[in-house]
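As structure tokens, the structure follows; a few thoughts come after it.
What's counted below: heavy atoms across the whole structure, side chains too, no hydrogens, waters or symmetry copies.
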Amino acid sequence: MLLGKKGWVGIKVIIFSLSLLPFGLLINDGINDQLGANPIETLHFGFGDWALRFLCVVLALTPIKIITGQSWPMRFRRMIGLFVFFYASLHLLIFIALDLSLSWEAFKDEVPKSPYILMGLLTYALLILLAVTSTKNMQKRLGRNWIKLHRLIYVAGLTALIHYFWLVKADYTEPLIYAVVISILLAIRIIVHCRKTRKLSLRDRSRVVPRSDRAGVSAKHGVVEMQALPNRVDDCGRRKH
């Protein structure tokens with residue numbers, strides 16, 4: 001996709017604005033008292049849902065590149081990833097500030113009773129690590145380890161799903177939809193990785209000459225040498241005369 005610098009900046013602004021839209025809509029609903037009977041729960045779940053949706057978008061970028069051959073969406077991976085962290089932070093903030101009223105005692109009492117909170121905190125810790133190391137400076141510092149570290153996004157996707165399944169008590173429709181989407185996205189990556197590994201192993205095998213072939217080559221080389229030996233002797237005799 002050939003675009004100038006201004007074109008890419010324009011697309012970035014559009015994606016940024018669209019990514020902020022859910023936040024604006026939820027805040028607007030809160031101001032206009034349109035969040036339903038339980039506004040805190042609506043905000044809490046709403047921000048959590050959008051964090052998981054943006055996480056799915058991040059995981060979808062590489063499969064899109066593989067299927068379409070277009071790499072330009074990867075330019076916005078970091079920005080979309082930071083929106084995952086943004087909505088996850090709001091999800092946690094609503095829980096601590098509004099659900100628990102910033103009470104440390106309430107937090108200590110609630111966490112041991114609710115395993116889904118522990119799984120959510122684990123997911124958020126992974127997102128903090130990914131967000132902090134997402135800069136170009138950190139990418140240069142970590143080198144190859146940066147790629148290994150950012151594979152934790154797959155772990156974050158799985159822990160987020162577990163958090164959602166444990167949180168929901170009755171209707172599992174939405175978490176199942178997310179589970180199917182994430183499973184498909186991860187399956188595409190696994191299939192591509194297996195194919196690449198297989199191709200590399202086949203190349204390595206083709207480069208290695210089996211011992212039997214080496215013996216055959218050595219034997220043929222020896223026969224050729226023996227056949228050429230009389231000619232060399234004749235040549236030496238002629239030179240002496």
*How far does CD1 of Ile153 sit from CG of Leu126, to the nearest 0.5 angstrom?*
8.5 Å
*So, Asn28 side chain and Gly24 main chain: donor-acceptor pair closer than 3.5 Å or not?*
no
*Can you label the angle between the Trp72 ring and the Trp8 ring as parallel, tilted or perpendicular, going by 30° and 60°?*
tilted
*asked:* With side-chain hydrogen bond (donor to acceptor under 3.5 Å, both in side chains) as the rule and sequence neighbours excluded, what pairs involving residues 57-68 come up?
replied: Thr62-Arg189
_Tell me if a side-chain donor or acceptor on His150 pairs with a main-chain N or O of Thr133 at a distance below 3.5 Å._
yes
*Phe107 vs Trp104, ring pair (Phe, Tyr, Trp, His ring centres under 6.0 Å): CA-CA, chis, key distance, verdict*: CA-CA 5 Å; Phe107 182 79; Trp104 175 245; 5.5 Å; yes
*For Tyr87 and Phe23, indicate whether the former's side chain and the latter's backbone hold a donor-acceptor pair under 3.5 Å.*
yes
*Phe76/Phe16 under ring pair (Phe, Tyr, Trp, His ring centres under 6.0 Å): CA gap, chis, key distance, verdict*: CA-CA 9 Å; Phe76 309 103; Phe16 185 87; over 10 Å; no
*asked:* Is the ring pair His91/His163 parallel, tilted or perpendicular, if the boundaries are 30 and 60 degrees?
replied: perpendicular
*Would you check if Leu55 and Tyr178 make a side-chain contact, meaning some heavy-atom pair closer than 4.5 Å?*
no
*Phe86 and Phe54 aromatic centres sub-6.0 Å*: no
*Report the hydrophobic cluster partners of Ile64, with the cluster defined as I, L, V, M, F, W, Y residues connected by side-chain heavy atoms closer than 4.5 angstrom, directly or transitively.*
none
*Kindly indicate whether the side chain of Asp29, heavy atoms from C-beta on, has any atom under 4.5 Å from the side chain of Leu43.*
no
_Remaining members of hydrophobic cluster (4.5 Å side-chain criterion), Val13_ = Val9
_Asn137-Thr135 side chain donor-acceptor pair, cut-off 3.5 Å_ = no
_Does any part of the side chain of Leu26, heavy atoms only, come nearer than 4.5 Å to the side chain of Phe47, both counted from C-beta?_
yes
*Parallel, tilted or perpendicular: which fits the ring planes of Phe165 and Tyr172, with parallel below 30° and perpendicular above 60°?*
parallel
*Test side-chain contact (heavy atoms from CB on, under 4.5 Å) applied to Lys148 - qualifying residues, sequence neighbours left out*: Asn145, Arg151
*Take atom CG in Asn32; do more than 12 heavy atoms of anything else shown fall under 6.0 Å from it?*
yes
*Do the side chains of Trp50 and Leu90 get nearer than 4.5 Å, heavy atoms only?*
no
*Mind checking what makes ring-ring contact (aromatic ring centres under 6.0 Å, His included) contact with Trp166, not counting sequence neighbours?*
none
*How many angstroms lie between atom CG of Leu100 and atom CD1 of Ile94, to the nearest 0.5 angstrom?*
11.5 Å
*Heavy atoms, side chains only, cut-off 4.5 Å: are Glu110 and Asp99 in contact?*
no
*With Ser183, which residues qualify under side-chain contact (heavy atoms from CB on, under 4.5 Å), at least two apart?*
none
